[in-house]
Protein chains: 2
Amino acid sequence: MTARKENSTYTLNEKFITDCDLTYAANKIGGRWKIVILDKLGTRKLRFSELKKEFPYISERMLTLQLRALEQDELVKRTVYAEVPPRVEYELTPIALEFLPIFCQLSAWGRKNKMLKNNRS
Amino acid sequence: MTARKENSTYTLNEKFITDCDLTYAANKIGGRWKIVILDKLGTRKLRFSELKKEFPYISERMLTLQLRALEQDELVKRTVYAEVPPRVEYELTPIALEFLPIFCQLSAWGRKNKMLKNNRS
DNA sequence: TATGGTACAAACAAATTTGTAAGTAATGAC
DNA sequence: GTCATTACTTACAAATTTGTTTGTACCATA
């Protein structure tokens, strides 16, 4: 959300990349956290504090940032319950659900190729 | 490849994330360039200069770095022909080929959801 | 002897991402 | 009136990623 030079190569490259369907999708789930968060939410709704427990070392800041970004991209729906102490639940939207089979395949690739790598070292 | 603090939260988080099959795989193709490069190489072998033409604003340095990383991860095979002027060809390895169907699905997701977004704005 | 094309490498700089530490608001229990 | 709880926010700092610029090795050809 910081200001950015309009015509830096950085920005031109970014545009080029998000024009492509493939990398448009990839960017939605890029970075260190988004995929795991979506994956966790794939099994069930979770509150902020429950999510935090899933990732032992994530900072609250990071978790909030990622959730906000996912919300912005309409991959996650946020529901606030006006209680004290507050309760907030996060769940996947329909378009995020479509990612789940892809995650499965990625996961299968990972499982397989981690094994191959281990058997050689 | 730079030195890093061994037990920073950053590193702990990274370990946590690459332990997971899903994010292990995601990390192999993460960042701005790897997916597009693999995708281009999915159609045919390409030389360095041909790849560069595919991405109008990429710097040679970036392209080299990404190709090196992909080679390191055994997703890309590099062949040098001892000619003058030099010729180097890049092609996918068998394990990289397995990513292609996943890219297709990601691409389909992108196409669909970019359209949805455009129709609303 | 000078020039040109290919595929880089090195030094540096900018931009973005991720992490740290501290603080806030609301409210009901003690 | 103090404290604990939850889900954050803010200001700051560290780490990583990406980009810019300049330079190099190779030898064929002019």
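No experiment lies behind these values; they were computed from the predicted model shown. Sequence lines set the chain letters: A, B, ... in the order given, protein chains first and strands last, and positions in each chain run from 1.
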Student: Donor-acceptor pair, B/Asp39 side chain versus B/Ile35 backbone, under 3.5 Å?
Tutor: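 Answer holds: no.
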Student: Starting at OH of A/Tyr57 and ending at P of D/dA14, how long is that distance when rounded to a whole Å?
Tutor: 22 Å
Student: Just N and O in the side chain of A/Asn13: are any of them under 4.0 Å from OP1 or OP2 of D/dT18?
Tutor: no
Student: Let me know the distance between CG of B/Asn27 and P of C/dT18, rounded to the nearest Å.
Tutor: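 About 10 Å, once rounded to whole Å.
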Student: Check this one for me: any side-chain N or O of A/Gln66 less than 4.0 Å away from OP1 or OP2 of C/dT17?
Tutor: no
Student: C/dT18 phosphate, OP1 or OP2: any side-chain N/O from B/Thr9 under 4.0 angstrom?
Tutor: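 It does not, given that no N or O in the side chain of B/Thr9 lies less than 4.0 Å from OP1 or OP2 of C/dT18.
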Student: Between atom CZ in B/Arg61 and atom C1' in C/dA10, what is the gap in whole Å?
Tutor: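 These atoms are roughly 9 Å apart.
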Student: Measure the distance from CD1 on B/Ile17 to P on C/dT18 and round it to the nearest whole Å.
Tutor: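 Checked: the CD1 to P distance equals 9 Å.
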Student: Describe, in one word, how the ring planes of B/Phe55 and A/Phe16 are oriented to each other, choosing from parallel (under 30°), tilted (30 to 60°) and perpendicular (over 60°).
Tutor: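 Judged by the thresholds at 30° and 60°, the geometry between B/Phe55 and A/Phe16 is perpendicular.
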Student: Between the protein and nucleotides 6-8 of chain C, which nitrogen or oxygen pairs come in under 3.5 angstrom?
Tutor:
from: C/dT6; atom 1: O3'; to: B/Arg47; atom 2: NH2; distance (Å): 3.2
from: C/dT6; atom 1: O3'; to: B/Pro86; atom 2: O; distance (Å): 3.0
from: C/dA7; atom 1: OP1; to: B/Arg47; atom 2: NE; distance (Å): 3.2
from: C/dA7; atom 1: OP1; to: B/Arg47; atom 2: NH2; distance (Å): 2.9
from: C/dA7; atom 1: OP1; to: B/Val88; atom 2: N; distance (Å): 3.4
from: C/dA7; atom 1: OP2; to: B/Ser49; atom 2: N; distance (Å): 3.1
from: C/dA7; atom 1: OP2; to: B/Ser49; atom 2: OG; distance (Å): 3.0
from: C/dC8; atom 1: OP1; to: B/Arg68; atom 2: NH2; distance (Å): 3.2
from: C/dC8; atom 1: OP1; to: B/Arg78; atom 2: NE; distance (Å): 3.4
from: C/dC8; atom 1: OP1; to: B/Arg78; atom 2: NH2; distance (Å): 2.3
from: C/dC8; atom 1: OP2; to: B/Tyr90; atom 2: OH; distance (Å): 2.3
from: C/dC8; atom 1: O3'; to: B/Arg68; atom 2: NH2; distance (Å): 3.4
from: C/dC8; atom 1: N4; to: B/Glu60; atom 2: OE1; distance (Å): 2.2

Student: What is the distance from CD of B/Glu14 to C1' of C/dG19, rounded to the nearest Å?
Tutor: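 For the pair B/Glu14 CD and C/dG19 C1', the rounded distance is 14 Å.
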Student: Does B/Arg32 count as lying over the ring of A/Tyr10, i.e. NZ or CZ under 6.0 Å from the six-ring centre, within 45 degrees of the axis?
Tutor: yes
Student: Please identify which of these residues, A/Val76, A/Leu41, A/Thr93, meets the side-chain contact (heavy atoms from CB on, under 4.5 Å) condition with A/Leu70.
Tutor: A/Val76
Student: If I take atom OH in residue A/Tyr10 and atom C1' in nucleotide D/dG19, what distance separates them, rounded to the nearest angstrom?
Tutor: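 To the nearest whole Å, that distance equals 10 Å.
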Student: Rounded to the Å, how far apart are A/Glu83 CD and C/dA25 C1'?
Tutor: 16 Å
Student: Nearest to the side chain of B/Ser59, which nucleotide is it out of C/dT27, D/dT18, D/dT20?
Tutor: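 The nucleotide sitting nearest to the side chain is D/dT20.
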Student: For A/Lys52 and D/dT5, what is the distance between atoms NZ and P respectively, to the nearest whole Å?
Tutor: 15 Å
Student: Can you tell me how far CD of B/Glu89 sits from CD of B/Glu50, rounded to the nearest 0.5 angstrom?
Tutor: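 Going from the CD atom of B/Glu50 to the CD atom of B/Glu89 covers 7.5 Å.
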Student: Enumerate donor-acceptor pairs with a distance under 3.5 Å from any side-chain N or O in residues 95-111 of chain A to protein atoms, sequence neighbours excluded.
Tutor:
from: A/Glu98; atom 1: OE1; to: B/Lys112; atom 2: NZ; distance (Å): 3.1
from: A/Glu98; atom 1: OE2; to: B/Lys112; atom 2: NZ; distance (Å): 3.2
from: A/Gln105; atom 1: OE1; to: B/Gln105; atom 2: NE2; distance (Å): 3.2
from: A/Gln105; atom 1: NE2; to: B/Gln105; atom 2: OE1; distance (Å): 3.2
from: A/Trp109; atom 1: NE1; to: A/Asn113; atom 2: OD1; distance (Å): 3.4
from: A/Trp109; atom 1: NE1; to: B/Ile95; atom 2: O; distance (Å): 3.0

Student: So that I can tick it off, tell me whether A/Glu54 and A/Lys40 are bridged by a salt bridge, with the cut-off set at under 4.0 angstrom between side-chain N and carboxylate O.
Tutor: yes
